[in-house]
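Numbering of residues begins at 1 and proceeds along the displayed sequence. Whatever order the structure lists them in is the order used to number ligands and atoms, beginning at 1.
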Amino acid sequence: MKKQIPKGLYAITAENFSNGKDNISVVKEMLDAGIKILQYRDKYKTKLEKFKQCEIIRRLTLDYNVFFIINDDIDIALSIQSEGIHLGQDDLPLAKARGIAGPDITIGISTHLPKQALLAAEHGADYIGVGPIYKTFTKDNVVDPVGLGYLDFCVKNINIPKVAIGGIKFSNLLEIYRYNPENICMVTEITASENIEFTVKKVKEAMNDYC
Ligand SMILES: Cc1ncc(COP(=O)(O)OP(=O)(O)O)c(N)n1
Ligand SMILES: Cc1nc(C(=O)O)sc1CCOP(=O)(O)O
Ligand SMILES: [Mg+2]
């Protein structure tokens, strides 16, 4: 049976913005700090390297009862039985991904425009990424910031969970929080933090995210 993505803070790995640490050690710090939704994202490793890291992280996420999502690689997601996969507008189409992965896996779809959000919801996505809200340097070839207007549109018109993403920091968190998306995603604010535990706890408290 499909598990529902929990509400709250959503974290993503970014080994190249992790102060020289590898994904595994950053993930351990994130889980100890209380992260409950984690996406594995790595654009520089081979499939085998990603698979090996994901196998380790899968065991950790089961121990910590964390909702684990794999970016891009459906085959890795299926082989380690993650709760979810995340796909972008240039990845495999949602219907094809659903056909391969089956009904019980959560599929998240990145969206940057109202039409993309409406289509993703209509075609059975389990959540949408809404972004980049602000300018971000974490992702190559990223589209221009969509701003708070697009978040407002999604909150008012899309009835599956919305994950606000892109350039979100503790300093602008409350601007996003007042729109009340189900999830707020921070990448480098967490991975590049000198004290991940402190940062995660501070953010979760500000979001009233106590799970
Ligand atoms: C929660 C969330 N939202 C958006 C993205 C971006 O996905 P995509 O457009 O496929 O780009 P890459 O992450 O693959 O570079 C995401 N990963 N997570
Ligand atoms: C991976 C990704 N996808 C985005 C999108 O809008 O689709 S923004 C993004 C990176 C966000 O990183 P940070 O929190 O460090 O700005
Ligand atoms: Mg992708």
Salt-bridge criterion met for Lys201 and Glu205 (N-O under 4.0 Å): no

Quick one: which ligand 2 atoms are inside 4.0 Å of a heavy atom on Gly131? 6 (O)

Answer yes or no: does an N/O atom from Val187 fall short of 3.5 Å to an N/O atom of ligand 2? yes

Does any N or O atom in Lys169 lie less than 3.5 angstrom from one in ligand 2, N or O only? no

Note: Lys7-Glu182 ion pair, threshold 4.0 Å (strictly below): no

Where is the nearest protein heavy atom to atom 17 (N) of ligand 1: which residue, which atom, and how far? Gln39 OE1, 3.0 Å

How long is the gap from CD1 on Ile76 to CG on Asp42, to the nearest 0.5 Å? 9.5 Å

Does Asn172 have any side chain to side chain donor-acceptor pair (under 3.5 Å) partners at least two apart in sequence or in another chain, and if so, which? none

What residue and atom, counting heavy atoms only, is the protein's closest point to atom 13 (O) of ligand 1, and at what distance? Arg41 NE, 2.7 Å

Identify which of Ile190, Ile165, Ile184 has a heavy atom lying nearest to atom 5 (C) of ligand 2. Ile165

Near the Mg ion (ligand 3), meaning under 2.8 Å, the protein N/O/S atoms are Asp72 OD1, Asp91 OD2

I'd like to check which ligand 1 atoms, numbered from 1 as shown, lie under 4.0 Å from a non-hydrogen atom of Ile12. 18 (N)

Which residue holds the protein heavy atom closest to atom 13 (P) of ligand 2, what is that atom called, and what is the gap in Å? Thr138 OG1, 3.4 Å

Here the atoms of ligand 2 under 4.0 Å from any heavy atom belonging to Gly167 are 13 (P), 14 (O), 16 (O)

Is Leu87 close to ligand 1, meaning an N/O of one under 3.5 Å from an N/O of the other? no

Just jot down the side chain to side chain donor-acceptor pair (under 3.5 Å) partners of Lys28, sequence neighbours excluded, or say none. none

Could you tell me, atom by atom, which parts of ligand 1 come under 4.0 Å of a heavy atom of Gly88? 8 (P), 9 (O), 10 (O)

Looking only at protein heavy atoms, which one is nearest to atom 11 (O) of ligand 1, and what is the separation? Lys139 NZ, 2.8 Å

When you measure from the heavy atoms of Gly129 to every atom of ligand 2, does any distance fall below 4.0 Å? no

Parallel, tilted or perpendicular, judged at 30° and 60°: which one describes the rings of Tyr127 and Tyr10? perpendicular

Value for CD1 (Ile37) from CE (Met30), rounded to nearest 0.5 Å, stands at 12.0 Å

Which bit of Asp72 gets closer than 4.0 Å to ligand 1, counting heavy atoms only: side chain, backbone, both or neither? side chain

Are any of the N or O atoms of Gly166 closer than 3.5 Å to those of ligand 2? no

Could you tell me if any non-hydrogen atom of Ile128 lies under 4.0 Å from any atom of ligand 1? no

If I apply the N/O under 3.5 Å rule, does Glu189 come out as touching ligand 2? no

With rounding to the nearest 0.5 angstrom, report the CG to CG distance, Leu87 to Leu94. 7.5 Å

Pull out every atom of ligand 1 sitting under 4.0 Å from any heavy atom of Lys43, numbered as shown with elements. 12 (P), 14 (O), 15 (O)

With a cut-off of 6.0 Å (strictly less than), are more than 12 heavy atoms of other residues, nucleotides or ligands near NZ of Lys96? no

Just to confirm my output: which protein heavy-atom neighbour is closest to atom 2 (C) of ligand 1, and how far is it? His86 CE1, 3.2 Å

Can you tell me if Glu175 has over 12 outside heavy atoms packed within less than 6.0 Å of its CD? yes

Check the surroundings of atom NZ in Lys115: do more than 12 heavy atoms from other residues, nucleotides or ligands lie under 6.0 Å from it? no

Using a cut-off of 6.0 Å, state whether more than 12 heavy atoms not belonging to Asn19 lie near its atom CG. yes

Short N/O distance, under 3.5 Å, between Arg41 and ligand 2? no

Between Lys43 and Asp140, is a salt bridge (charged side-chain N to carboxylate O under 4.0 Å, His left out) present by the stated rule, with each step listed? CA-CA 10 Å; Lys43 296 288 178 179; Asp140 296 334; over 6 Å; no

Who passes side chain to side chain donor-acceptor pair (under 3.5 Å) against Ser79, sequence neighbours left out? none

Measuring from Asn183:CG to Phe67:CZ, what's the distance to the nearest 0.5 Å? 9.5 Å

Within the structure, is a non-hydrogen atom of His112 found at a distance of less than 4.0 Å from ligand 2? yes

Under 3.5 Å between any N/O of Ile12 and any N/O of ligand 2: does that happen in this structure? no

For atom 6 (O) of ligand 2, grab the closest protein heavy atom and report residue, atom and distance to one decimal in Å. Pro132 N, 2.8 Å

If you have a sec, work out which protein heavy atom is nearest atom 7 (O) of ligand 1 and how many Å separate them, to one decimal? Ser110 OG, 2.7 Å

Under 3.5 Å, side chain of Glu197 to main-chain N/O of Ala33, donor-acceptor pair present? no

Donor-acceptor pair, distance only, cut-off 3.5 Å: does the side chain of Arg98 make one with the backbone of Ala125? no

Asp91: numbered ligand 1 atoms lying under 4.0 Å from its heavy atoms: 10 (O)

As an exercise, state the distance from CG of Leu38 to CZ of Arg58, rounded to the nearest 0.5 Å. 10.0 Å

